[in-house]
Each structure stands twice: as C-alpha cells, then as structure tokens.
Amino acid sequence: MESLRVLELYSGIGGMHYALKESGISAQVVAAVDINTTANEIYRHNFPDTPLWNKTIEGIPLDDFNKLSFDMIMMSPPCQPFTRLGLQGDVADPRCKSFVFILELLPRLCKLPTYILLENVKGFESSSARDYLIKTLSGCGYTYQECMISPTNVGIPNSRLRYFLVAKMSAENSSIQTSDKGCSFSHVTDSGFHERSSVLRYKCQNIDQPSEDNSNVHVLYKRETQMDSQKKTNQNKDLSVQQIQDYLEPQMNIDMELYLLKPKTLLRYGSILDIVQPHSRRSVCFTKGYGRYVEGTGSVLQCCMENEISSVFTNLDQLTEEEKLQKMLKLNLRYFTPREVANLMGFPQSFSFPEDISIIQQYRVLGNSLNVLVVARLLQLMSSEHFGHSEGEKQFSVLGNEYQCS
Ligand code: SAH
C-alpha cells in the first residue's frame, strides 16, 4: 500500500498517531488538530515533525481540508455529550458542534478519504450523533463496521470499554472520489452497506461493567458483594490477559512519597478503592480525574503483600479511626504512575511528557486518550483486504467477542 495521508482530528496527546505507527501501516499524519494547549504541547514534544493545528475544527475552511488531500480520518470526538455524566445532550450539545461540522463537511470534500476510524465512549452507539454518522457514511458509499472493545480483549489487564467505528470507501463507489464537486448524498444509491454492518453488543455478563445495583445484596467487605468478588476472581484467572506487574516501572524508579495514598484519602475512601496487586490480571479504567478524585477514576496498587485485602477490610467499620488507618497502611497502597498508566494504555516507551507537565496534568490527558494497541489492531483489520467482507467481520467478532450477541 502507498503511504496513506492521515488527518488526525481531536488529536490530544496523539494516541491515534501512536496506533498508526504500531499498526505497521505505511502512513504519515499530514495534520493533527486540537485546541487543548497542554495536549498540544505533549503532542509536539513527541511528534515534532507533524503539522499540528491549534484550531477549532469547525473554524477550518473546507479548502484547507481539501488541500491536505488525505486518505484517512482518525478521530475521537469529545465524549461528554454521550456519557451518562455529561447530561447526554447528544447532537444538541455545543461540544458536538465540531462533530456535526465534520459530518456536513465530508460529502463536500473534493476527494473522500478511503478510510475513517472513530473512537468514542460507551453510550455513543445509541446516540443520535451515531445515527447521523451512519447516515452520512452510507450516503457517501462507505462500508463500515462498529464494535465495542476493551483492552482486556487484546490481553491487556485494563478495562476501557469503547465504541469504535471503522469505515472504508467501497470499491464500487471509489470512482466518486474523483468528482471535483465532491460527493453528495444524491450521487450515491443506498447499496445495502447498512445492513451488512453489525454492532457487536456486549453480553449481559460483560466483565468490564461494574455491577449495576448493590443495594439489598449482602456486602462481604469494602462494599463488595459476592458477585463483585467472584467477577474479580474470574478476571484474575484469565490467562489470556497479562499481569499488572508486566506494566509496572521498577520500584526503585518511583518516588513513593508522590504516589502513596494519603491517610486522609484512605480513611475517607478506603472502602471504595479498587485495589489490584502486581499479579492481578485486571484494573479499572483510568479517567482524567485519576490522582485527584478517588471514586471510579482508576485502580490503586497494593505494594505490600504480607497482608490480605480481606483481612484488612473485614469488619473495618467496627474499629476506631486510628486502628482503621493502621490496618490500611499495612497494604502500602499507591497510585499507578503516569508512565504505568501509559503502559497499560499501550503507549510505547518512546512516548514521554515535557518536563513542565505536572503529574495531575499527565493523568488528565492520559484519561482522555485511548488504548493504542486496541486501535492498532482495528487499523490492521481495516486495512486488510478482507474488510467489508464476511471474513473481515469474522475477525472483528473475534476481537470483540465478549461483546457479541448479534
Ligand atoms: N485521542 C486523543 C484524545 C481525544 S479527547 C488522544 O489520544 O489524546 C478529545 C480532544 O478533542 C481533546 O483533546 C479536546 O481538546 C479536543 N477538542 C474538543 N473540541 C474540539 C474542537 N472543537 N476543535 C478541536 N479540538 C477539539
């Protein structure tokens, strides 16, 4: 394949760019676009030769896009409009404006890109933004595949269930690309691509999902039910997933003062911490609030193995504050370092942060990013000749098989 010209929208710290490199596809990012100055500083530090546009996407004229003459778009539009926490404003949300702009721009491009890859949070699959995306892609003659994948599906001990869509201009429509007026809906007949696509929905027993409602269920310790505990045990037994220790920095490189959980945090949030050990084969999703907030932002690591979590937490609430603290301190709990979070997110060793970026900023941008190895696998499937045919769909099912029900 000739070197692909890639447009990276909402580029952040360049997760997509790393995935592209990792995929082995011959490609160059001809422009990366983002408005976040911190993310852009990090991007530039790692990819000094890539043109980085510090601009709002919706402010870029059609002509500037046309001049790039790109073959592929990779994008992770802002996810707040689709998350449960983000009020679910969907396409009406102002943060969706740029995404709607892209969808409206696409049919007007002189040359339609051959490939499109989009990443988003769980929830996007049932949004009207997704429906608009599908309508646009079908109208322009793309064949596409959607799936929900978590890094655990590719053997990485970290949950980050995300929606992915990969689209390819179907061979019978590629002649449209030469149209100097660009593609418009009226040019293309609906040739049934839509029916061929399938969303690989996750099963009810999805290991990545927190249990919905723990009320009225017997709590063992740490507000954990028998079911939660069983789920974690099962995940830790899954030998197809690597161990956390494979992603850790050498202990001597870590300034423990910076990463150990403070007594105040232990006392206040001890019972809701997600604790993992070096031999665990699981961890929860690291979000942008990691290191600042405790609830649901990511796992913490138990560094001292002499005490079992169960023995520390059972009947803890019957002790005085001081006794509680002394017990919890025995576990030596610490946050994962940004480097370790980056490792779990598939970033290569060559990735680094400029010196002036604080640890909290590092967690924040990593939490907004994506799993590089998951996207690399999708890119490989997308560029394979099977894509768009039943063989390719089978490969997608294998990748996202825990989630397939159709
Ligand atoms: N994939 C990226 C992260 C995407 S998060 C990574 O690997 O880091 C979404 C990004 O979109 C954020 O960095 C945010 O700054 C950027 N963004 C949001 N709205 C934008 C807009 N209208 N124009 C350009 N960038 C935007």
Side-chain angles (χ1 to χ4, degrees), residues 6-23 29 31-47 50-61 64-65 68 72-83 85-86 89-105 116-124 129 149 151 158 160 162-166 285-290 338 341-348 350-354 357 361-376 378-379:
V6 177
L7 172 63
E8 187 182 11
L9 297 174
Y10 311 100
S11 47
I13 56 172
M16 290 282 190
H17 197 151
Y18 279 113
L20 192 62
K21 287 179 92 163
E22 174 67 31
S23 73
V29 176
V33 190
D34 203 294
I35 40 167
N36 182 306
T37 45
T38 307
N40 284 350
E41 183 186 341
I42 300 163
Y43 191 102
R44 217 171 268 122
H45 173 77
N46 288 290
F47 298 108
T50 301
L52 176 59
W53 297 2
N54 188 357
K55 292 179 181 171
T56 47
I57 289 166
E58 60 274 36
I60 301 173
D64 290 3
F65 284 110
L68 290 172
M72 167 147 83
I73 302 178
M74 300 197 297
M75 59 175 148
S76 324
C79 51
Q80 297 94 330
F82 316 109
T83 56
L85 288 177
D90 213 328
V91 279
D93 190 299
R95 288 165 296 189
C96 235
K97 206 170 146 200
S98 56
F99 183 55
V100 171
F101 172 84
I102 297 163
L103 295 185
E104 287 171 358
L105 178 108
I116 295 174
L117 186 146
L118 177 138
E119 180 251 11
N120 219 281
V121 289
K122 178 175 147 36
F124 183 84
I149 309 179
N158 182 233
R160 195 178 185 89
R162 289 291 182 268
Y163 167 92
F164 293 95
L165 175 139
V166 293
C285 180
F286 294 100
T287 73
K288 63 181 179 184
Y290 192 61
V341 174
N343 291 346
L344 283 163
M345 292 177 66
F347 279 77
S350 59
F351 168 76
S352 65
F353 289 101
I357 305 293
Q361 285 175 313
Q362 296 180 24
Y363 286 135
R364 194 182 296 149
V365 290
L366 282 166
N368 264 341
S369 190
L370 44 83
N371 191 289
V372 170
L373 299 183
V374 166
V375 177
L378 285 173
L379 284 167

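Both counts, for ligands and for their atoms, begin at 1 and track the order of listing.
- Looking at ligand 1, you'll find an N or O of I57 within less than 3.5 Å of one of its N or O atoms.
- Annotation for ligand 1: atoms under 4.0 Å from non-hydrogen atoms of G15 are 6 (C), 7 (O).
- Those atoms of ligand 1 that come under 4.0 Å of a heavy atom in S98, given as number and element, are 22 (N).
- In this structure, R160 contributes its side chain and L370 its backbone to no donor-acceptor pair below 3.5 Å.
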(request) Starting from the C-alpha separation in whole Å, work towards a yes-or-no answer on side chain to side chain contact (heavy atoms under 4.5 Å, CB included) for V375 and F164. (result) CA-CA 9 Å; V375 177; F164 293 95; 3.7 Å; yes
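- The distance from the CD1 atom of I13 to the CZ atom of F47 is 9.5 Å, given to the nearest 0.5 Å.
- Contacts between S11 and ligand 1 below 4.0 angstrom, taking non-hydrogen atoms only, involve the backbone exclusively.
- Shown in contact with L370 at under 4.0 Å from a heavy atom are these atoms of ligand 1, numbered in order with element: 1 (N).
- Looking at S369 against ligand 1, both its backbone and its side chain come within 4.0 Å, counting heavy atoms.
- When atom types are taken as modelled, the side chain of Y18 and the backbone of G346 share no donor-acceptor pair closer than 3.5 angstrom.
- Relative orientation of the Y163 and F124 rings is tilted, given thresholds of 30° and 60° on the angle between their planes.
- Using bins of under 30°, 30° to 60° and over 60° for the plane-to-plane angle, the ring pair H17/Y43 lands in the tilted bin.
- Among the atoms of S76, some N or O lies under 3.5 angstrom from an N or O of ligand 1.
- Minimum heavy-atom separation, N120 to P78: ND2-O, 4.4 Å.
- For ligand 1, the atoms closer than 4.0 angstrom to any heavy atom of P78 are 18 (C), 19 (N).
- Nearest heavy atom pair, residue L344 against residue N371, reads O-ND2, 3.1 Å.
- At a heavy-atom cutoff of 4.0 Å, ligand 1 is contacted by the backbone of K55 but not by its side chain.
- Looking at V365 next to ligand 1, no N or O pair under 3.5 Å apart turns up.
- Every atom of ligand 1 with a heavy atom of T56 under 4.0 Å away is listed here by number and element: 23 (N).
- Of the polar atoms of I13, at least one N or O is found under 3.5 Å from an N or O of ligand 1, judged by distance alone.
- A perpendicular orientation is assigned to the rings of F353 and F351, their planes being inclined by more than 60° (bins at 30° and 60°).
- Between I42, N40, N36, D34, it is D34 that holds the heavy atom closest to atom 13 (O) of ligand 1.
- The distance from ligand 1 to the heavy atoms of N368 drops below 4.0 Å at these ligand atoms: 3 (C), 4 (C), 5 (S).
- Of all non-hydrogen atoms in V33 and L52, the two that sit nearest each other are N-CD1, 4.5 Å.
- Residue contact check: I35 has heavy atoms under 4.0 Å from atoms 15 (O), 17 (N), 19 (N), 20 (C), 21 (C), 24 (C), 25 (N), 26 (C) of ligand 1.
- Using a 4.0 Å cut-off to heavy atoms of E58, the atoms of ligand 1 that qualify are 21 (C), 22 (N).
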